[in-house]
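Quick note: residue numbers are just sequence positions, from 1.
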Amino acid sequence: MNYQFSFRPIRQKFTRPIVTSHGIWEIRESMIIRLIDVKGTVSWGEISPISWFGSETIKQALDFCSQLPTEITREIIFSIPNNLPACQFGFESALEKLEKNNELTSIDNLTYSGLLPAGKAALDQWQGLWKQGYKTFKWKIGVDKIATELNVFNSLIQNLPNSLKLRLDANGGLSYEEAKLWLKTCENLQTKIEFIEQPLPINQFREMLELSNLYSTQIALDESVATLQQLEDCYKQSWRSIYVIKPGIIGSPSQLRKFCQEYEIDLVFSSVLETEIGRQAALQLAAELSKNNRAVGFGINHFFTQQPENWLQSLWNNL
Ligand SMILES: O=C(O)CCC(=O)C1=CC=C[C@@H](O)[C@@H]1C(=O)O
Ligand SMILES: [Mg+2]
């Protein structure tokens, strides 16, 4: 079966820059793809790379789409190479919706984690998210000096309701000693601290494996398992704590399903800060593959100003 294919690049300014130890992220560049089947049914997909996590760059994704014919087949989609994981996700999710006649997995049982701003701004923002019903928050660390962040952390912990879970995401920005200090600080806060995410850079896997066996606070790998190949490698190197899965950049959904059916892993699904198209496709996978009810990192934090109703159609009209 052939599918008519077209695509549009989009750029969206974050309402508030995303500050992590990787730096300040102000503009989200993505691509929206459109497939139309022989019956005329339209399906959208989203390609939202995060190259500093290890996916392809937006230029590589654009170059790949530009060289495709305007009629593509299932075979072309399933032969997208593994070095284009965001493209694999975007094309396969668009195709799946057509092949499943848009039958969706219910996402009603998912719970969501809200992303707090880095630094002391978190002290003002958490109540708003709590009022919206979030019971899990994620806060970025490894951005400011550790003494400053520990001070903010202590104020945060004292004010947070006991039923609330806090995730700390260092984006690989801590030193080994700082990671140990955070783990020690969290040692008796298990009820509140769900995990520390990617405390060390991806080239310090051994150190993270050692720390995961030394402290009771759990460690979650994120950048270390950004692609399916990395996920498999970390599993083979005996990682049995938590894996953060970003469906938008990990690669082929069908290959991810196969891995999750073969191996029992403790996983958390996480956003690549995508539009509603990529978000819905990722939440489908989360609903299908989540086994332990961990909150998914897809809180509606209004990363972007609300799109007008017909924004998608206008992308195809304005050319
Ligand atoms: O996982 C979540 O709770 C929200 C998404 C999120 O934190 C991230 C998305 C993309 C890149 C990073 O800034 C960050 C992460 O490191 O997980
Ligand atoms: Mg992370």
Side-chain angles (χ1 to χ4, degrees), residues 14-21 24-25 28 106-144 146 148-171 173 182-183 185-199 216-220 222 242 244-247 266-276 278-280 282-283 286-287 290-307:
F14 285 113
T15 44
R16 185 178 56 220
I18 305 290
V19 179
T20 73
S21 65
I24 298 176
W25 186 10
R28 210 298 169 236
S106 165
I107 60 172
D108 297 347
N109 297 326
L110 293 176
T111 54
Y112 296 82
S113 166
L115 185 60
L116 291 171
K120 61 182 188 309
L123 296 173
D124 312 323
Q125 300 282 321
W126 73 265
Q127 294 93 331
L129 290 176
W130 175 252
K131 286 198 187 95
Q132 289 176 46
Y134 288 102
K135 299 275 182 287
T136 303
F137 293 154
K138 179 151 95 167
W139 185 49
K140 296 289 178 182
I141 59 173
V143 177
D144 206 336
I146 188 164
T148 309
E149 293 188 342
L150 283 169
N151 270 336
V152 175
F153 174 75
N154 289 328
S155 318
L156 202 52
I157 278 298
Q158 273 155 33
N159 288 294
L160 292 183
N162 285 332
S163 60
L164 197 142
K165 288 271 180 213
L166 185 62
R167 298 165 173 178
L168 303 175
D169 188 352
N171 290 100
W182 273 107
L183 286 160
T185 306
C186 295
E187 198 57 3
N188 305 316
L189 295 167
Q190 262 62 48
T191 50
K192 280 195 169 173
I193 306 301
E194 188 180 355
F195 53 73
I196 295 182
E197 190 171 316
Q198 197 72 38
S216 44
T217 301
Q218 292 212 287
I219 294 176
D222 186 9
I242 301 169
V244 176
I245 303 263
K246 286 184 165 52
D266 187 353
L267 48 86
V268 180
F269 282 83
S270 170
S271 162
V272 294
L273 308 185
E274 59 275 276
T275 76
E276 203 47 31
R279 185 176 186 274
Q280 284 305 320
L283 291 178
S290 288
K291 298 185 183 82
N292 43 29
N293 301 321
R294 287 190 189 278
V296 292
F298 284 84
I300 296 272
N301 291 38
H302 299 303
F303 296 116
F304 310 111
T305 44
Q306 217 61 22
Q307 293 284 9

| message | So which atom in Trp139 and which in Ala122 form the shortest heavy-atom distance, rounded to 0.1 Å? | response | NE1-CB, 3.3 Å

| Within 6.0 angstrom of Asn109 CG, more than 12 heavy atoms from elsewhere | no

| Is the count of non-hydrogen atoms from other residues, nucleotides or ligands lying under 6.0 Å from Asn293 atom CG greater than 12? | no

| task | Would you check if Gln132 and Leu129 make a side-chain contact, meaning some heavy-atom pair closer than 4.5 Å? | result | yes

| task | Identify the heavy atoms of Ala286 and Phe269 that sit nearest to each other, and give their distance. | result | CB-CG, 3.5 Å

| said: Return the CZ to CH2 distance between Phe137 and Trp130, rounded to the nearest 0.5 Å. | reply: 7.0 Å

| Sub-3.5 Å donor-acceptor pair from the side chain of Glu197 to the main-chain atoms of Ala220, do we have one? | no

| task | Compare all side-chain heavy atoms of Phe153 with those of Leu189 and state whether any distance is below 4.5 angstrom. | result | yes

| said: One pair to check against side-chain contact (heavy atoms from CB on, under 4.5 Å): Lys165 and Phe195. What are the steps and the verdict? | reply: CA-CA 9 Å; Lys165 288 271 180 213; Phe195 53 73; over 6 Å; no

| task | Considering non-hydrogen atoms only, spot the tightest contact between Ser21 and Asn171 and give its length. | result | OG-O, 3.0 Å

| Does CD1 in Ile24 sit with more than 12 non-hydrogen atoms of other residues, nucleotides or ligands closer than 6.0 Å? | no

| said: Any non-hydrogen side-chain atom of Tyr112 less than 4.5 Å from a side-chain atom of Leu283? | reply: yes

| How about Ile219 and Leu183: do any of their side-chain heavy atoms sit closer than 4.5 Å? | yes

| query | Would you say Arg28 and Phe303 make side-chain contact, with heavy atoms under 4.5 Å? | reply | no

| task | Report yes if the side chains of Thr217 and Glu187 come closer than 4.5 Å at any heavy-atom pair, otherwise no. | result | yes

| Short N-O contact, Asp266 and Arg294, less than 4.0 angstrom | yes

| query | For Lys131, does the NZ atom have more than 12 heavy-atom neighbours from other residues, nucleotides or ligands under 6.0 Å away? | reply | no

| query | Minimum heavy-atom separation for Gln125 to Arg16, with atom names? | reply | OE1-NH1, 3.6 Å

| task | Could you check Asn159, Asn154, Leu160 and say which one makes a side-chain contact (heavy atoms from CB on, under 4.5 Å) with Leu156? | result | Leu160

| Considering all heavy atoms, the nearest Val152-Gly119 contact | CG1-O, 3.9 Å

| Are Val268 and Arg167 close enough that some pair of their side-chain heavy atoms sits under 4.5 Å apart? | yes

| query | Do Leu166 and Ile157 come close enough that some side-chain heavy atom pair is under 4.5 Å? | reply | yes

| task | In sequence, state the C-alpha distance, the side-chain angles, and the governing distance for Lys140 and Leu115, and then conclude on side-chain contact (heavy atoms from CB on, under 4.5 Å). | result | CA-CA 8 Å; Lys140 296 289 178 182; Leu115 185 60; 4.0 Å; yes

| Heavy-atom closest contact (Ser290 atom, Leu267 atom, distance) | CA-CD1, 4.3 Å

| Spatial distance of atom CZ (Phe304) from atom OG1 (Thr275) [nearest 0.5 Å] | 8.0 Å

